[in-house]
S.K.: 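Take a look at the following structure, please.
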Amino acid sequence: MFIATAVLSVLLALAFAGAGFPKASGKDEMAAQLARLGVPTGLMRVIGGLEIVGAVGLVVGLWVGVLGVAAAVGLALLMAGAVATHIKARDTAKGTLPSLVLLVLSAVTAGLALVAL
């Protein structure tokens, strides 16, 4: 169980770090994309910061199990909000799918990490 949790945690950490840094640094392309979805520019940096903190939490959670569970749950909730935002903005299925996949993978990781405690 730990190996599956570790693999998913590392892969998710890479994905969320990769998604979080452009938001946290205020990249113009990311701001335009989020503005199209109705997300305020100031919230973009907060979302990016949460993604980065969640990514770090997933990795540290490999040694401190409770932190890994908390990070995975937090990221799942963040992605639930992202999916809701995409749906509210009437985004395409192709635009919504990455957030949905990350939501499912974060929830699965949270479950595996919880069982591994």
S.K.: Do any pairs count as a salt bridge (charged side-chain N to carboxylate O under 4.0 Å, His left out) and have a residue in residues 9-18, sequence neighbours left out, and if so which ones?
M.R.: none
S.K.: Please, which pairs that meet salt bridge (charged side-chain N to carboxylate O under 4.0 Å, His left out) have at least one residue in residues 100-115, sequence neighbours excluded?
M.R.: none
S.K.: According to salt bridge (charged side-chain N to carboxylate O under 4.0 Å, His left out), does anything in residues 97-113 pair up with another residue at least two apart or in another chain? List the pairs.
M.R.: none
S.K.: Are Ile52 and Leu14 linked, directly or through other ILVMFWY residues, by side chains that come within less than 4.5 angstrom of each other?
M.R.: no
S.K.: Could you see if Val39 belongs to whatever hydrophobic cluster contains Val46? Use Ile, Leu, Val, Met, Phe, Trp, Tyr and a side-chain cutoff under 4.5 Å.
M.R.: yes
S.K.: Could you work out, with salt bridge (charged side-chain N to carboxylate O under 4.0 Å, His left out) as the rule, every residue matching Arg45, not counting sequence neighbours?
M.R.: none
S.K.: My understanding is that a hydrophobic cluster links ILVMFWY residues whose side chain heavy atoms are under 4.5 Å apart, including indirect links. Using that, what else belongs to the cluster containing Ile3?
M.R.: Val7, Leu11
S.K.: Table please: side-chain donor-acceptor pairs of residues 95-117 below 3.5 Å, with sequence neighbours left out.
M.R.:
| unit_1 | atom_1 | unit_2 | atom_2 | d |
| --- | --- | --- | --- | --- |
| Thr96 | OG1 | Thr92 | O | 2.9 |
| Ser106 | OG | Leu102 | O | 2.8 |
| Thr109 | OG1 | Leu105 | O | 2.7 |

S.K.: For residues 22-32, which side-chain N or O atoms pair as donor and acceptor with protein atoms under 3.5 Å away, sequence neighbours left out?
M.R.:
| unit_1 | atom_1 | unit_2 | atom_2 | d |
| --- | --- | --- | --- | --- |
| Lys23 | NZ | Ala19 | O | 3.4 |
| Lys23 | NZ | Glu51 | OE1 | 3.0 |
| Lys23 | NZ | Glu51 | OE2 | 3.1 |
| Ser25 | OG | Phe21 | O | 2.8 |
| Ser25 | OG | Pro22 | O | 3.4 |

S.K.: Between side-chain atoms of residues 60-89 and protein atoms elsewhere (two or more places apart, or another chain), which donor-acceptor pairs fall under 3.5 Å?
M.R.:
| unit_1 | atom_1 | unit_2 | atom_2 | d |
| --- | --- | --- | --- | --- |
| Thr85 | OG1 | Gly81 | O | 2.8 |
| His86 | ND1 | Asp91 | OD2 | 2.6 |

